[in-house]
Amino acid sequence: MSDDRLIVALDVPNALQGLAMAERLGDSVSFYKIGLGMLTGGGLALANELKQDHGKRIFLDMKLFDIGNTVETAVRGLAQFDLDFLTVHGDPHVVRAAKEGTSGKDLKILAVTILTSLNREDLDASLIKPGDVRELVVERAAKALEAGADGVIASPQEAALIRALPQAKNRLIVTPGVRPAGTSLGDQKRVATPATAISDGADHIVIGRPIYQAEDPKSAAEAVLNELNSLTRH
Ligand code: C5P
């Protein structure tokens with residue numbers, strides 16, 4: 001049986017290739033993340049096909065941000081598709097509106113805290129308050145969880161700090177930036193292995209290139225699953 005702690009990011013060029021990759025991965029992968037790049041070109045149709053015809057779980061990585069009314073309407077529209085996870089920016093008004101929009105459906109709202117591509121200099125340029133980036137991430141995570149987020153997206157380095165928050169009890173932590181030992185980092189800078197990310201408190205890990213760019217994607221996914229299986233579930 002496949003293990004839904006592994007979420008494969010389907011960051012391939014188009015929906016057809018996404019479907020082909022999911023078919024190649026077969027039963028070994030049960031959870032897919034579909035991002036903005038794909039969503040602007042048939043990604044929602046792919047999400048529905050993977051869900052309805054292949055029984056996969058789906059994480060839509062849309063990172064929504066807008067006035068509350070617009071976020072709520074957008075989420076209300078998406079909630080009818082029976083998908084599993086959706087990202088929004090972690091600003092409390094956005095999180096509250098998104099939760100409102102789910103109208104009781106089982107679509108989990110995950111908050112993005114501070115994009116991992118941003119450093120202190122970028123935050124200064126955006127007039128974000130001074131302070132250590134990691135501390136701001138944890139502070140934003142706490143606020144998003146207080147606003148009702150079902151979970152947060154966090155780098156593996158932040159997972160343990162967020163897991164320690166009282167607000168994070170029974171909430172999800174989903175970590176990208178995961179690299180099985182011996183695979184290329186790509187543009188990821190702060191990475192952890194699958195086992196470390198889960199041990200540090202992540203419920204799900206998101207892995208893209210090390211799987212879909214592998215010569216044998218199915219074996220690459222199975223190697224990650226074997227690594228996870230060597231851990232006891234928490
Ligand atoms: O290919 P790779 O394993 O680096 O893919 C990671 C996925 O997680 C990509 O879809 C990327 O956009 C996403 N992501 C990330 N870092 C974040 C948030 C999302 O790498 N902080």
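Each ligand, and each atom within it, is numbered from 1 in the order the structure gives. As a basis for the values below, the full set of heavy atoms in this structure was taken, side chains included, without hydrogen atoms, waters or symmetry mates.
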Donor-acceptor pair, K56 side chain versus V29 backbone, under 3.5 Å?
yes
Aromatic contact between H204 and F85, with the criterion being ring centroids under 6.0 Å apart: yes or no?
yes
For I207, counting its heavy atoms only, list the atoms of ligand 1 lying under 4.0 Å from any of them.
3 (O)
Are any of the N or O atoms of D61 closer than 3.5 Å to those of ligand 1?
no
Just by distance, do the side chain of R140 and the backbone of T113 share a donor-acceptor pair under 3.5 Å?
yes
Looking only at protein heavy atoms, what sits closest to atom 6 (C) of ligand 1 is Q188 NE2, 3.8 Å
Taking only heavy atoms of R209 into account, list the atoms of ligand 1 that are under 4.0 Å away from them.
1 (O), 2 (P), 3 (O), 4 (O)
Counting from 1, what ligand 1 atoms have a heavy atom of D11 closer than 4.0 Å?
9 (C), 10 (O)
Should G208 be counted as touching ligand 1, given the test is an N or O pair under 3.5 Å?
yes
In terms of atom number and element, which parts of ligand 1 are under 4.0 angstrom from non-hydrogen atoms of P176?
8 (O), 14 (N), 15 (C), 16 (N), 17 (C), 18 (C), 19 (C), 20 (O)
Test item: D216 side-chain N/O and S219 main-chain N/O as donor-acceptor pair under 3.5 Å
yes
Pairs of nitrogen or oxygen atoms closer than 3.5 Å, one from T116 and one from ligand 1: do any exist?
yes
When you compare ligand 1 with R179, is there at least one nitrogen or oxygen pair between them that comes in under 3.5 angstrom?
yes
Atom 11 (C) of ligand 1 has as its nearest protein heavy atom K33 NZ, 4.2 Å
Does G101 offer a backbone N or O that forms a donor-acceptor pair with the side chain of S103 under 3.5 Å?
yes
Less than 4.0 angstrom from a charged side-chain N to a carboxylate O is my criterion; do K143 and E139 meet it?
no
Does atom CD (E121) have a neighbourhood of more than 12 heavy atoms from anything else shown, all under 6.0 Å?
no
